[in-house]
Structure formats: C-alpha cells, structure tokens
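Reading through the structure tokens given below for one structure.
Only a predicted model underlies this, so the values are computations on that prediction, with no experimental measurement involved. So you know, we letter chains A, B, ... as the sequences are listed, proteins then strands, and number each from 1.
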Amino acid sequence: MFKKSFVYLMICMFSAVMVSAAENNCLTCHADFEEEDGPSHLITKDIHIQKGLGCVDCHGGDASLDDMDDVRDSKGYKGVPSYKDVPKFCASCHSDAAYMHDHNPSMPTDQLEKYKTSVHGKQLLKKGDTNVANCISCHTVHQINTAKLPHSSTHPHNIPETCGKCHANTELMKGYGLEATVLEDYKASVHGAALYERGDLSAPVCNDCHGNHGAAPPGVSSLVAVCGTCHAIESELFNNSPHKVAYEENDFPMCMTCHSNHKILKPEDKWIGTEEPALCVECHSTDDGTTGIETAAGISNALKSLVQAQSEAQLALDEAIEKGMATTDAEFKMKELRQSLIQTRTKLHSFNLDSVLPRAEQGMKEADEVKKNSATLIEEFYFRRKGLGVTSLIFTFLIIGLYFLIRKVEKK
Amino acid sequence: MSDKNISSKMFDWVDSRFKISALVDYMGTKVVPTHSHSIFYYFGGISLFLFIIQVVSGILLLMYYRPGADSAYESVQFIVSTVSFGWLVRAVHSWSANLMVFFVFLHMFTVYFTQAYRKPRELTWLSGMGLFALTLLFGFSGYLLPWNELAFYATRVGTGMAGAVPVIGKDLLIIMRGGTEVTGATIGRFFGLHVAILPGLFTLLLSGHLIMVQRQGMSEPIDWANKSDAEKKYMKFFPNFVLRDLLVWLIVLNIIAVLATFFPDGIGVIHWPLGEKADSFAPPPAVIRPEWYFMFAFQALKMLPSHILFLEGELVGIIVFSLGGLIWAIVPFIDRKAAIDQKSKLFVAFGYFVLAFIIFMTLYGYMVE
Amino acid sequence: MSGEKSRRGFLEAALGGSALLAMAAIFYPMYQYITPPKLAEAKLSQLKLSFSRADIESEPKKAKYFKYGRSMGIIFITETNELKALSAMCTHLDCTVQHRPDLGILWCSCHNGRYGMDGSNISGPPPRPLYPYQVKEVGETIFVSKEIADE
C-alpha cells in the first residue's frame, strides 16, 4: 500500500495531470509498465490533459477502479479504437457542437464531415485502406497540440514535414501512383524558401492549397482561385486574359502550366519570349493564327529594357552613394522603380501589351530620373574636388607671396 | 602715391577724434621673443582664428537651422543636401570646431610647460581656463543640435554624468535636459546656450584675454631671467609677427578646406555623420561614445568601481576631476617658485602626469571599444 | 634700383591679386550658401501636402500618396468622410498598399494582404499593422505628421 501511494505521489509530481489526478487511477499502473514514449508519459504534454480532460474522457471506463480488469468491464469502456475507427472516436466530441462549445467555443466542429470528402477519408472509410492518414497521423496520439505552438506537428513550420512522413515515402506513394518528391520540391520552391529561410509563417504550406481535413488536390478549374487567395492581381489579370479560355479548352492546369505546382521557382524574365527557354514557344509559333508570339516579344523586350535601365540606374546611384553624396531623393525614386518592375512583371499575366507597356514605360521614366539625379550628384562631387583644387592653388600662391614678403621685411 | 595720401588722411581723421596714434606707436614698439620654442606663440592665434571661423560658419548655419525635435534633424539634412555649399559650411564648422579644441589644448599645455602663467600673467591664465571650459561646453552643446542618433545618446550619457554631482546633481540634470529625459526641450536649451550665451561669454572673456596679452606682451622663457640682454633675441610684433601669424592662418584655412572636401563627415573617431534621426524608442547604437576630447573623462569614469569606500564611484570621479581642474586653474597662485622665475620640478611633473593621463585614457577608451 | 622697385611692385601686385582671389574663393561659397535654394526651407516632420481634400476626393479610389522622409504614406477618405493617413508600405514585403473603398479596406496586391481603415492587419500575410500618421486640416491645407512621442 505504501509503495503504491509513493508511486502515486511521484506521478502527481511529475505530471501536469493535477486536476483529474485525484480520480485518475489509470496512470498508476500504465506509467509502471509503459516505456518513456508510452501514452501515460506522453499524455502530460497533450492539450486535452492540460484542458482538464482525463484518460476516460476518450477511452471510457471508470478511472476510480484499482484493478485493470475491472476497468475493462466497467461501464462505457471503449479501450483503443481500431485505425479505421479513429475519426469517429475523435468526432464523438469534436463533432458535438454543444460539447465543444463548453470547452473551446471558437473551434469548428466539421472536421469529420470534411475528412469524409478528403482523399484520405474516402480511402479509409469506404475502401478500408489503413495506409492513408487519419486524425492521429497528423495530430499524433497523446501529444496532440494546438497549431499555435511552435513544437506542434500542425504548426505551419512543421506541416511540410508532417505531411512528408507519408508523402515523401517512395514505397508508400508508389501504390497510389503519386510522386514522393513533393516535400523536396516544396523545400526548393519560393514558398519553402519564405518559410524556412525568412521564417515567414504566412508563406503557404501544404494545407493552404490542399486543405487540411478535407485534403485533396485542387482541381484544374479551382486552381486560379487557390493561387489567387494570395496572388490576387495575377489571378484577376489571368482570368481576363486570352489564356484563360484557351487553357480551359485544352485542359491546361492554369497557373501550373508555367509555374509548376510544388516546385514553384522564382519566375525569370527569360520564361517569356520568342525562343527557348521561353515557355511561350511550347504552344505558340509565328503561324499559329494568334498574336501570341508578338505579345511575347513585346513583353520580353519591355522587361529586358526595364531591367537593363534598372541596373544602370543602380550603378549610377551606387557610385553617388560611394562618393558620399546625399542620395535620399534618388534612393526614394529607386524604390519606386523597383515597385514598377514588380508591377510590370505582375501585369504580364494579362498577356496583353496594352496593359503591360504603360507600366513599363513609367518604370523607364523613373530609371531615367534616378540616372539623371545620380549623374548630377557625381558631377557635384567632381565640382567640389575641382573647386578645392582652385582654392588651394590660390591659397598656396598667397602663402608663398606672404613668405617672400616676410623675408623681404626681415632683410631690412 | 595718391592712395597713400588717402590712407594717411583717413588715419588723421580717426586719430583727431579717438587719439589712436599712441596705441599705434605702442604696437610699433612691441616685440616677440625669438627662441627655440617660438612656435608656441602661434597656438593661441590659431585658436583665435578657428574661433572666428566658428562664428562665421555658425552664423551661416543659423540661417537654415531650426531647433526643435521635429525640425532640427530635418533642417540639418536640408542644409547638407539641398542648400548649395551647405555640406561645406557644416563640414567647415565641424572640422574647425574639432581643430579649435585641439589647438586650445595645445595652447594650454605649452603655456603650462613654459610656465608662462607665472607672475604677472596669472589673470591671463585664469581667463584662458575660462575660455577652455567654454570651448568644451561649445562642443558639448553643439553636438546635440543635429538631433541625430549619435548626438542623442552621447548627450544622454553626458548629461547623465552631471546627475552624479552631489547635492545639486538631480536639479542640474533636469535643468540641463529641460526635463527628466533628453527631448525636444533639451534642444531648445542647448541651442540657446550654443548660439547666444556661450558666444557672449566667450567674446567677453576673449577680449579680456587678448587685451592682457597685448598689454603685457609675450611671455619670455623662464631661463631668460638669468641671461644678458645680448643673448636675448626679439622680432617686431608688427609687421613681422603679424605677417607670420597670417601665413599660419592661411595654411590652417587651406587644411580645413581640404579636410572638409575630402571628409565632409569627418574621419576615424572624429566623425559626425548625420545618420538616422534621434528616436528614443529605437535600440541604442552598439557604440555610444562621446567626442574625442571627452573620451578621457568618459573612460576614467567608466573604469571606476561602482563604490569607493562609502561613496559612489562616479561621485568620487567627479570630485577628483573637479579638484584636479581647480588645482590646474589656480596653478599660478600656488606655484611659488615660478613666480620668482625658477622652474618648479613638482609642477612640471604634475603637468606631465595630467598629459599622460589624458593621452592614456583617450587611447585606452578607443581600444576597449 | 629700378630692378628692385619693379620686383617689389611685382610682389605687391601678386600678393594683392592672390589676396583678392582668395577672398573670392571664400566669399563665393558663402554667397551661394545664402542664396535660398528652390525649396526655401527644410521639410519638417510635419508635412504640408501639395494637394487638398478635393483632390483626394476626385481620385477614383479616394486616396493619394505622399512622400514622408524616406517612406511613403497614403492618405484617403473613409466612408464617414474622415481623412486618414497611414504608411503605404505593406509590413509583409514592402509593397505599396492601395485604398479599396469598395471593400472598405486597404489592400496590398502583392499577396492579398488586407488592412482595416485604422491600419490593423486583418488578413493575409502582413505581420504588423500599418504605421499611422496624424492628419490635421487647416482650411484647404492638409498637414500630416508622425506622432512625436517624447513631448
């Protein structure tokens, strides 16, 4: 008896199970025979325990009983659910709007409904395929946590790895005809770079495009809308462009056609143009009956000259800065020029010269201003040097004159 | 020869009214001793010339400068970027200020080591000490005026030290800052000090200093007391010495022009880039340091332990500095030997100690950064 | 004797000439300095805008941009006819935000960042609100300023 109460005391001390501990006899035995990574040890960091729930709130049974066999026979005992039954097991609370309201009113209760629509849910619930993800595949068992905590498996920073547990597994993916390179591709993408290198948590991770509980690849028709949640202007321009209709007719995957999906790289100006590696020529040719090639040439030229003008302006500005001149105005203009270049590149999604060229021209004007402004400053720099030269010459002359005057005066 | 007539007529016109011929005759008889340390006689003149440059460039800056937390930085930026030759005026003012402090130091130490403060020049020395203190105050108050990051923190630390003065420290700090913190109110105070109070006092004291120098002439080396007249050499003050002074001034002016053009923002530790506007909420820069001529005091106070016996370390430092300064100021009255034209080893040693302390602490201060 | 005299004359002329030139070298920059520049005084942290409320109203998006120091601001008219000014630089990646009276928000087109009329970041990537400027209307003239926190 003494030994038992000692263990009990220890568990009390080393776990956060304070609230329900008084009634929770489960851990008394489970902590005894389970390894360090067993449920009774992991559970202490789980949000359910922290919110005051006990083992029996999920697993059922009577926690006040001393004997494990008695618990098994007690009223409402559910034990461990089968893999297929896990969604229902969790949903017994999470889909109960009244119950959830009492614990976390702002939390949605439609996870199971969404899961049923997901590829995972269909495979598991309809086909009984236990290789696909259910709740615990992403949320873990007994270490479940809110996505806000940085160590949580569902925190944005950890999501790619969480999904990658399965989707980067070549063996597993082979069975579904899926590429297992998605994680690798994502990490190489601009979005991956924003997340990992800049630590930008607003960068899209897997679930931002695929959904989470209702995870499924976006369909061709919805792709523009999905990318458009962030790239609003691009998608609006694209929807009004001649490409929209053409892509629909040919069943091209919209944004993906040029930008790919997981390995979305930083777009380069050479992607547009009239010869390789421009992507335009994969469909367009001079005699295809469209203005495609003409437009590609026009946009490409506008971008090339703007980039050229920008680098010239930067060079001039750098020289002025290096010479220590006051360049605040020129630097400000330079910022506007950068904005113009970004916007010109954005506008090209209209695939319409009338929309792209005016923006590019405005940028060219700004570049000219930066160059002119910097040139004036550099000129001023040399003017100062020359002015000093002339002044010093005059002073030196005067000094020498004075020297001779002194000599003459002292000779007397 | 007609122009000579005009100038002599003009002289007669003034002389008949103000009787200046006696003064002119007196200047004509004035001589300057010639010896191996004659170069020392130029340092005071150079300091004077630099002060004149300060007044002229300062007045020019005043035309565009506007004190206040929301205008000071902007107006200085305007001066250096938009006003033609504004960069030059600011650079000249800053360079000349630093050189002035340097030459005032040099002038003071050469006077000290030649014991030129001895009787009958006690008051000249005292007025010189006053001018020295005013020069440092000029530097301290002027540094804040651009209201940039550098100045803001240097002033916060500098005025903070004043807060350690016993009894009156807290009030002194509030009076200096115009509040408990360095704010726009501080600019108003420092501005008034820098462009009105200090120039007024300085001009007054400087006039006294110069009149005394002219009346008593240049001090002769202390060992000339035992020399025969044949061994002593002199040059005429006018025109010989004046022309030489002019020559040196021109060289100094040219050096300032070169420095201001090549290094408008200063160089090395003598550096005053405008940088970012002062912002009390921004994190302080990595290195907060005073201007180079305050470095020795700053470093010495920094090195003191927090408590010496029952007193606060900073307080002890301030007491020691005040005492040292006091002894330095009244040295002509306590150096009895010099008063009878004998070199006093004790006071020369004290001078070397002070000089070594200042040089060591300054260098050390920059090295530990 | 005459050689001596002419040498002396030369020295005097050279001295006088170079003294005059030196004076010119000193006074030329001073004269240039006191000649007021095109923009006759410094722009202060209180900025006077070059346009009026009517100009902003006539814009299709009821907003105009202004340059403030090194950054750019946007001033716009709200539904309740108030003038509001905010920093125009999106806190996500420094794109320029625009006023969308149709949506009642400020919008950054780069990544669909949305801000409320008070500058609060309401959706999309922006991590922080936009910095607000103080707006003062004196007759036709609009002044904007940064809050000076230390006074």
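- Of the atoms belonging to B:I59, not a single heavy atom falls under 4.5 Å from chain C.
- Two residues are said to be in side-chain contact when any heavy atoms from C-beta on lie closer than 4.5 Å; C:M30 and B:V56 meet this criterion.
- Nearest heavy atom pair, residue B:L88 against residue C:P29, reads CD2-CB, 4.0 Å.
- Taking the six-membered ring wherever Trp is involved, the centroid distance between the rings of C:Y31 and B:F85 does not fall below 6.0 Å.
- A search for salt bridge (Lys or Arg N to Asp or Glu O under 4.0 Å) contacts involving C:E59 returns C:K64, not counting sequence neighbours.
- Looking at residues two or more places apart in sequence or on another chain, you find a salt bridge (Lys or Arg N to Asp or Glu O under 4.0 Å) between B:R244 and A:E410.
- When side chains are defined from C-beta on, B:V83 does not count as touching C:T35, because their heavy atoms never get closer than 4.5 Å.
- For the pair C:Y33/B:S57, no side-chain contact is recorded, criterion being any heavy-atom separation below 4.5 Å from C-beta on.
- In the displayed structure, C:K61 atom NZ is contacted under 6.0 Å by at most 12 heavy atoms of other residues, nucleotides or ligands.
- The number of heavy-atom neighbours closer than 6.0 Å to CE of B:M63, taken from other residues, nucleotides and ligands shown, is above 12.
- With a 4.5 Å cut-off on non-hydrogen atoms, B:L250 does not touch chain C at all.
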